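Comments concern the structure below.
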Protein chains: 2
Amino acid sequence: MTRDGAPRRRGRPAGLQGGELLAVARRAFLDLGLAGTTMNEVARRAGISKASLYREYASKDSLFAAIVLDWTARGRDAMRPALDALLTADDIVDGLTTLTHTIQAGVLDEDVLRMRRLVAAESDRFPDVAAEYLAGSWDSNIAALAETLAELDRRETLVVDDPQAAAEQLTWLAVGGPLNRQTLGAGRVASEHLTRTGIDAVTTFLHRYGAVAA
Amino acid sequence: MTRDGAPRRRGRPAGLQGGELLAVARRAFLDLGLAGTTMNEVARRAGISKASLYREYASKDSLFAAIVLDWTARGRDAMRPALDALLTADDIVDGLTTLTHTIQAGVLDEDVLRMRRLVAAESDRFPDVAAEYLAGSWDSNIAALAETLAELDRRETLVVDDPQAAAEQLTWLAVGGPLNRQTLGAGRVASEHLTRTGIDAVTTFLHRYGAVAA
DNA sequence: CCTACCGATCGGTAGG
DNA sequence: CCTACCGATCGGTAGG
């Protein structure tokens with residue numbers, strides 16, 4: 001072992017590779033933005049040379065694309081446990097309220113918002129990346145919610161004629177306002193207001209789709 | 001007159017100033033983004049020298065801030081005519097449906113979306129500009145809608161216990177999904193789907209806030 | 001008011 | 001000899 005915990009000089013290089021390199025680069029992009037992140041900085045954080053970084057990713061653009069696509073793949077089925085919980089909830093009001101809080105937490109997470117802003121800002125230059133992000137982060141999760149609402153319709157817990165539309169309505173009732181505020185740089189919405197927004201979303205949702213009066 | 005319609009060489013400079021300069025610069029930022037817009041390009045489009053441009057705006061950042069604040073001021077009372085129309089509408093369903101379409105058109109306009117993306121992407125570096133944008137473009141318009149809903153409650157056309165919450169709900173039911181898609185670079189949402197979303201928004205809204213069954 | 005130019009910094013690549 | 005890696009520096013361009 002060299003001094004100061006510096007890497008050994010034998011065998012495999014001590015710098016980060018593969019998934020670890022991607023994680024470090026993601027952190028840099030989230031912290032510093034696309035323009036603010038230099039390949040030098042990514043290489044520095046990963047403990048490798050710029051030449052090594054360029055051997056893994058041919059350009060800064062391809063690194064950015066890889067980061068977003070990796071992120072999207074990880075978040076694709078994020079709502080699944082919460083949807084299973086909704087199907088086994090004793091009370092539909094409680095179940096939906098818990099679900100809205102889960103959706104809020106997922107959408108309004110600080111890193112989720114930063115990644116979303118990056119993708120949106122660069123959607124002109126990276127249309128395919130943005131499309132994949134939209135499909136993986138939003139479309140697939142809302143479709144899964146729609147399927148769950150359809151099942152609750154079959155059980156006659158809810159009356160949902162158009163599950164896709166209902167899923168979008170619940171989603172936007174729960175997160176539209178807070179997402180807009182945080183997207184535009186306002187600080188985190190107070191958790192009491194978030195809770196209140198979630199309850200209000202469920203109330204309105206059940207006025208339309210509830211099998212019994214809410 | 002010089003050849004090719006080039007500016008005269010006498011009297012006031014032929015280049016743009018003040019509001020016209022701001023409009024030209026705004027167009028550049030909307031077309032090319034913040035990083036993509038150079039001060040050389042702005043000067044070129046305005047027909048002035050870079051030195052003249054820097055005499056009006058001390059930095060690229062201050063030019064950006066001026067553009068966003070000017071834009072925000074122009075859009076502050078954008079919804080007023082539509083809200084007045086709602087108050088004089090014969091039928092509340094028709095009135096609200098028309099309003100949702102107006103909100104959609106205002107929010108989903110291509111330039112509005114580009115400006116929004118610029119502000120969101122730069123909200124870390126320009127927190128005050130982003131806050132002013134949020135206040136002028138969203139808060140003031142939603143507050144005006146809330147006031148209108150409160151008036152409709154007094155008339156017993158609607159039953160609105162919390163006008164602010166109701167205004168947010170109607171807004172996000174109408175534009176949440178389409179705004180999300182377009183923000184993330186998907187093409188314009190089909191107008192039939194937009195219409196359908198607006199009608200669906202009003203239906204859900206009236207299930208909760210309608211004085212009579214919708 | 002403009003041309004010319006600067007100090008700084010970037011993404012990307014060379015030699016060893 | 002090869003693979004993996006690094007110090008140094010390139011061409012080109014940004015704001016000012």
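Quick caveat, the model's predicted, so the values are computed rather than measured. In the text below, chain A, chain B and the rest are named by the order of the sequence lines, each starting its count at 1. Below, all heavy atoms of this structure are taken into account, side chains as well, without hydrogens, waters or symmetry copies.
- Counting to the nearest Å, the C1' atom of C/dT13 and the CG atom of A/Leu53 are 13 Å from each other.
- To the nearest 0.5 angstrom, A/Thr97 atom OG1 is 11.5 Å from A/Phe205 atom CZ.
- A/Ser137 places no side-chain N or O within 3.5 Å of a backbone atom of A/Leu134 that could act as its donor or acceptor partner.
- What separates CD of B/Glu56 from C1' of D/dG15 is a distance of 18 Å, to the nearest Å.
- B/Asp77 contributes no side-chain N or O that, together with a main-chain N or O of B/Arg80, makes up a donor-acceptor pair within less than 3.5 Å.
- Legend: side chain to side chain donor-acceptor pair (under 3.5 Å) pairs involving residues 116-126 of chain A, not counting sequence neighbours, sorted by first then second residue: A/Asp61-A/Arg125, A/Arg116-B/Asn180, A/Arg117-B/Ser123, A/Glu122-A/Arg125, A/Ser123-B/Arg117.
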Are any protein N/O atoms closer than 3.5 Å to N/O atoms in nucleotides 4-9 of chain C? If there are, list each pair with its distance.
none

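- Among the nucleotides C/dG11, C/dC1, D/dG16, the one closest to the side chain of B/Arg55 is C/dC1.
- Between the CG atom of A/Asn40 and the P atom of D/dC10 there is a distance of 16 Å, rounded to whole Å.
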Can you give the dot-bracket line for DNA chain D, where a pair is Watson-Crick or G-U wobble with both atom distances under 3.5 Å, crossing pairs use [ ], and | marks a partner on another strand?
....||.|.||...||
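- Although no hydrogens or angles enter the test, the distance criterion places a donor-acceptor pair under 3.5 Å between the side chain of A/Arg114 and the main chain of A/Leu30.
- To the nearest angstrom, C1' of C/dG11 lies 15 Å from CD of A/Glu41.
- Residues in residues 111-132 of chain A take part in these ring-ring contact (aromatic ring centres under 6.0 Å, His included) pairs, two or more places apart or across chains: A/Phe64-A/Phe126.
- When the side-chain nitrogen and oxygen atoms of B/Ser52 are compared with OP1 and OP2 of C/dC2, one or more of them lie within a distance under 4.0 Å.
- Of the residues near DNA chain C, A/Ala51 and A/Gly36, the one whose nearest nucleotide (by heavy atom distance) lies more toward the 5' end is A/Gly36.
- For B/Met39 and C/dT3, the CE to P distance is 17 Å, given to the nearest whole Å.
- A donor-acceptor contact shorter than 3.5 Å is absent between the side chain of A/Thr100 and the backbone of A/Ala174.
- Annotation: ring pair (Phe, Tyr, Trp, His ring centres under 6.0 Å) contacts of B/Trp71 (sequence neighbours excluded): none.
- Side-chain contact of B/Thr204 with A/Gln169: a donor-acceptor pair under 3.5 Å is present, judged by distance alone.
- The stretch residues 60-71 of chain B touches DNA chain D through B/Lys60, each having a heavy atom within less than 4.0 Å of the strand.
- The OH-P distance, from A/Tyr54 to C/dG11, rounds to 6 Å in whole Å.
- Electrostatic pairing of B/Arg45 and B/Asp31 counts as a salt bridge here, judged by a charged N lying under 4.0 Å from a carboxylate O.
- Between the A/Glu168 side chain and the A/Ile142 main chain, no donor and acceptor come within less than 3.5 Å of each other.
- Put simply, CG on A/Leu32 is 16 Å from C1' on C/dG11, counting in whole angstrom units.
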